[in-house]
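See below for the structure under consideration.
Note that this is a predicted model, so its numbers are computed, not measured.
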Amino acid sequence: PFVLPAEVLYSEVPRPRYEGWETQRYLDDPGIVERVAEMREGSDALLAAHGYVREGVLYRIAPGSQDHLAVVCHGGLGATWLGHLLNLPMVAAWAGLYVACASVTTLIMEERGGAYAYPRMIRMGDLTHTRLAGLPDSYRGLPGLAKRP
């Protein structure tokens with residue numbers, strides 16, 4: 001679903017929505033629904049193992065949570081995961097987020113002194129490291145921009 005054109009993803013009304021996206025035409029495939037559920041469960045388990053237990057849309061902070069994580073993943077999974085972490089409607093995440101190959105996206109778990117943290121994206125799709133190496137930006141996965149000068 002992360003490569004479907006926005007005009008297809010936004011063809012249904014009402015749009016976008018957090019709940020019920022799996023009933024939308026083109027997205028009602030049981031395989032897609034199962035993969036998204038698997039990613040959500042895996043994400044929550046990973047963060048819980050590092051001190052952030054999801055409760056609704058927030059993450060309860062476990063004592064001593066100081067871990068830093070680096071995750072490497074495909075752009076489609078990246079957009080889906082960002083949608084989950086930031087509580088974006090899946091349709092909006094798939095239609096609107098693009099994470100370039102080899103790019104770096106940085107999130108922090110913002111803690112404001114309470115019992116809960118919330119993921120905040122401070123950088124998305126950063127290619128500074130590849131540009132410093134003299135490499136051109138890549139738009140693989142974006143058919144309309146794949147040959148951009």
Could you tell me whether the side chain of [Y] reaches within less than 4.5 Å of the side chain of [X], counting heavy atoms only?
X      : Y      : value
Tyr116 : Glu111 : no
Ile32  : Tyr26  : no
Leu27  : Val33  : no
Leu47  : Leu85  : yes
Glu110 : Arg112 : yes
Val91  : Gln24  : yes
Tyr52  : Asp44  : no
Thr105 : Val99  : yes

Are [X] and [Y] linked, directly or through other ILVMFWY residues, by side chains that come within less than 4.5 angstrom of each other?
X      : Y      : value
Leu127 : Val72  : no
Leu69  : Ile61  : yes
Val57  : Leu86  : no
Val104 : Met124 : no
Val53  : Trp81  : no

All salt bridge (charged side-chain N to carboxylate O under 4.0 Å, His left out) counterparts of Arg35, not counting sequence neighbours: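 Partners of Arg35 by the salt bridge (charged side-chain N to carboxylate O under 4.0 Å, His left out) criterion, ordered by chain and then number, come out as Glu38.
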Heavy-atom closest pair, residues [X] and [Y]:
X      : Y      : answer
Gly83  : Ala93  : CA-CB, 3.9 Å
Pro119 : Leu107 : CB-CD2, 4.1 Å
Leu82  : Leu88  : O-CD1, 4.4 Å
His129 : Ser103 : CE1-CA, 4.3 Å

Side-chain donor or acceptor of Thr80 paired with backbone N/O of Gly76 under 3.5 Å: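 Yes; judged by distance alone, with no hydrogens or angles, the pair exists.
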Backbone N/O of Gly56 and side chain of Arg54: donor-acceptor pair under 3.5 Å: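 It does hold such a pair.
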Pair Met109-Tyr118, side chain to side chain contact (heavy atoms under 4.5 Å, CB included): steps then yes or no: CA-CA 5 Å; Met109 293 300 276; Tyr118 190 78; over 6 Å; no
Residues clustered with Ile122, ILVMFWY side-chain links under 4.5 angstrom: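 Same cluster as Ile122: Ile108.
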Plane angle bin for Trp94 and Trp21 - parallel if under 30°, tilted between 30 and 60°, otherwise perpendicular: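 Perpendicular: the ring planes of Trp21 and Trp94 meet at over 60°.
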With sequence neighbours excluded, residues passing side chain to side chain donor-acceptor pair (under 3.5 Å) with Arg40: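 Residues passing side chain to side chain donor-acceptor pair (under 3.5 Å) with Arg40: none at all.
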